[in-house]
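Input: a single structure, listed below in structure tokens.
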Amino acid sequence: GSNLYFPPIQSATWETSTVAELGWNADSEEPLREFLDEKGTKAFIILKNGKIVVEWYFDDHTQNTSWFWASAGKTLTAFTVGIAQENGFLSIDDQTSAYLGQNWTSLEQEKEDLITVRHQLTMTTGLNDLQFDCVTPECLTFIADAGTRWAYHNGPYTLLQSVVANTTQENWSDYFNTNLRNRIGMDGFWFSTNNLNNVYFSTARSMARFGLLNL
């Protein structure tokens, strides 16, 4: 809504609100904090209308410490694919091979041609998910026609970053930084943790900025 606050870009300033001001139950704060600490939480932020109400850090983690998003980073990839479509570089209903070239899988051509960018986004490529992170053709093998089987599968999803890089003719990180990260004042970086899966690292406040953008 119009009363939604967004923190300024390139600034550590972030307006706050309080539990008391909002009439929330203050007696719940300590039990929540203890629960989060027990579960090994690094950072915890609650925003209300964009303003920080709760911002807690645990152990040696601070406002300036980066931590990996793990699979939550898939939302960053999906968002950036959407930006690339909005900018006219791709259509998610196009064949993936239009952007990765033929034989990006080990499938027969007619089966590979069934796979679209949308199937990558929705984990419905029909590719074998046993070699979970692998992105090379020899491990992208057939199980089912695209769109007929769902399986959580990092490899084809990670390749969305190559789809964007190839069609924009920009390095993935550069395109992401210019079109998403820098525009909302996030920090952070992409890093390949196992030479296959590209994972995002940032501060908790950057994650909060992205959440607020989605809201």
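- The closest side-chain heavy-atom distance from V117 to V81 is below 4.5 Å.
- Contact annotation: the side chain of T18 never approaches that of V53 to less than 4.5 Å [non-hydrogen atoms, C-beta and beyond].
- Around NZ of K48, the count of heavy atoms belonging to other residues, nucleotides or ligands within 6.0 Å does not exceed 12.
- In this structure, P7 and L212 approach most closely via the heavy-atom pair CD-CD2, 3.8 Å.
- A donor-acceptor contact shorter than 3.5 Å links the side chain of T75 to the backbone of A72.
- Each of N87, T167, L180 was checked for a side chain to side chain contact (heavy atoms under 4.5 Å, CB included) with Y175, and the lone residue meeting it is N87.
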Test log, rule ring pair (Phe, Tyr, Trp, His ring centres under 6.0 Å), inputs F58 and F44: CA-CA 9 Å; F58 300 87; F44 185 78; 7.8 Å; no
Stepwise side chain to side chain contact (heavy atoms under 4.5 Å, CB included) check, T203 with Q63: CA-CA 7 Å; T203 59; Q63 186 182 306; over 6 Å; no
Derivation of the side chain to side chain contact (heavy atoms under 4.5 Å, CB included) call for I92 and L121: CA-CA 8 Å; I92 64 170; L121 283 162; 3.8 Å; yes
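- Counting heavy atoms from C-beta outward, W69 and K74 have side chains that stay 4.5 Å or more apart.
- The two atoms that bring E55 and I45 nearest to each other are CG-CG1, 4.0 Å, heavy atoms only.
- Among all heavy-atom pairs drawn from H61 and A43, the shortest one is CD2-CB, 4.0 Å.
- Listed for the T168 side chain is a donor-acceptor partner under 3.5 Å among the backbone atoms of V164.
- In terms of hydrophobic clustering, with Ile, Leu, Val, Met, Phe, Trp and Tyr side chains grouped at heavy-atom distances under 4.5 Å, L114 and L159 are assigned to different clusters.
- For T80 against L76, the heavy-atom pair with the smallest separation is OG1-O, 2.8 Å.
- Between P31 and S28, the shortest heavy-atom contact is CD-O, 3.4 Å.
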Candidate pair K51 and T16, rule side chain to side chain contact (heavy atoms under 4.5 Å, CB included), full reasoning: CA-CA 5 Å; K51 296 181 181 179; T16 59; 5.7 Å; no
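- Under the 3.5 Å distance criterion, with hydrogens and angles disregarded, a donor-acceptor pair is assigned to the side chains of Y152 and S71.
- Atom CD of Q109 sits in a crowded spot, with more than 12 heavy atoms from other residues, nucleotides or ligands closer than 6.0 Å.
- In this structure, N171 contributes its side chain and S173 its backbone to a donor-acceptor pair below 3.5 Å.
- Of the possible polar contacts, one joining the R205 side chain to the A12 backbone as a donor-acceptor pair under 3.5 Å is found.
- Note on F189: it does not cluster hydrophobically with W172, by side-chain heavy-atom contacts below 4.5 Å among ILVMFWY residues.
- Residues E170 and F89 are not in side-chain contact: their nearest non-hydrogen atoms beyond the backbone lie 4.5 Å or more apart.
- In this structure the side chain of L100 reaches within 4.5 angstrom of the side chain of N166, judged on heavy atoms.
- L36 and T41 make their closest contact through O-OG1, 2.8 Å (heavy atoms, listed as atom of the first residue, atom of the second, distance).
- In this structure, the separation between CZ on R118 and CD on Q95 is 14.5 Å, given to the nearest 0.5 Å.
- One side chain, D187 or S206, offers a donor N or O that lies under 3.5 Å from an acceptor on the other.
- For F68 and F191, the ring centers are positioned 6.0 Å apart or more.
- Rounded to the nearest 0.5 Å, atoms CG (L215) and CG (L47) are 9.0 Å apart.
- Cluster membership for M207 and F6, using ILVMFWY side-chain heavy atoms within less than 4.5 angstrom, is shared.
- Checked against a 6.0 Å centroid threshold, the rings of F201 and W67 do not count as neighbours.
- In terms of hydrophobic clustering, with Ile, Leu, Val, Met, Phe, Trp and Tyr side chains grouped at heavy-atom distances under 4.5 Å, W24 and Y5 are assigned to different clusters.
- L107 CG to N128 CG: the interatomic distance, rounded to the nearest 0.5 Å, is 10.5 Å.
- A donor-acceptor pair under 3.5 Å is formed between the side chain of N214 and the backbone N or O of F210.
- Residue pairs meeting the salt bridge (Lys or Arg N to Asp or Glu O under 4.0 Å) criterion with at least one member in residues 130-157, sequence neighbours excluded: K111-D145, D129-R149.
- Test T158, T77, T96 against Q120 for side chain to side chain donor-acceptor pair (under 3.5 Å) and you get one pass: T96.
- Remark: side-chain polar atoms of E112 are paired, donor with acceptor, to backbone N or O of W104 under 3.5 angstrom.
- A 6.0 Å sphere centred on CG of D60 holds no more than 12 heavy atoms belonging to other residues, nucleotides or ligands.
- Cation-pi geometry between K42 and Y57 is not satisfied (NZ or CZ under 6.0 Å from the ring centre, within 45° of the ring normal).
- Judged by distance alone, with hydrogens and angles left aside, the side-chain atoms of N49 form no donor-acceptor pair with the main-chain N or O of N3 at under 3.5 Å.
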Worked verdict on I83 versus F176 for side chain to side chain contact (heavy atoms under 4.5 Å, CB included): CA-CA 9 Å; I83 292 171; F176 169 83; over 6 Å; no
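- Side-chain contact between F79 and L213 is present, with at least one heavy-atom pair separated by less than 4.5 Å.
- I46 and L4 end up in different hydrophobic clusters when Ile, Leu, Val, Met, Phe, Trp and Tyr side chains are linked at under 4.5 Å.
- Within the 3.5 Å criterion, the main-chain N or O of I184 finds a donor-acceptor partner in the side chain of R209.
- Put simply, the side chain of V199 does not reach to within 4.5 Å of the side chain of W190, judged on heavy atoms.
- Looking at heavy atoms from C-beta onward, I115 lies out of side-chain contact with S97 at the 4.5 angstrom threshold.
- Between atom OG1 of residue T105 and atom CD of residue Q102 there is a gap of 10.0 Å, rounded to the nearest 0.5 Å.
- Sorted by first and then second residue, the disulfide bond (SG atoms under 2.5 Å apart) pairs involving residues 167-198 (not counting sequence neighbours) form an empty list.
- How far OG of S17 is from CG of L22: 3.5 Å, rounded to the nearest 0.5 Å.
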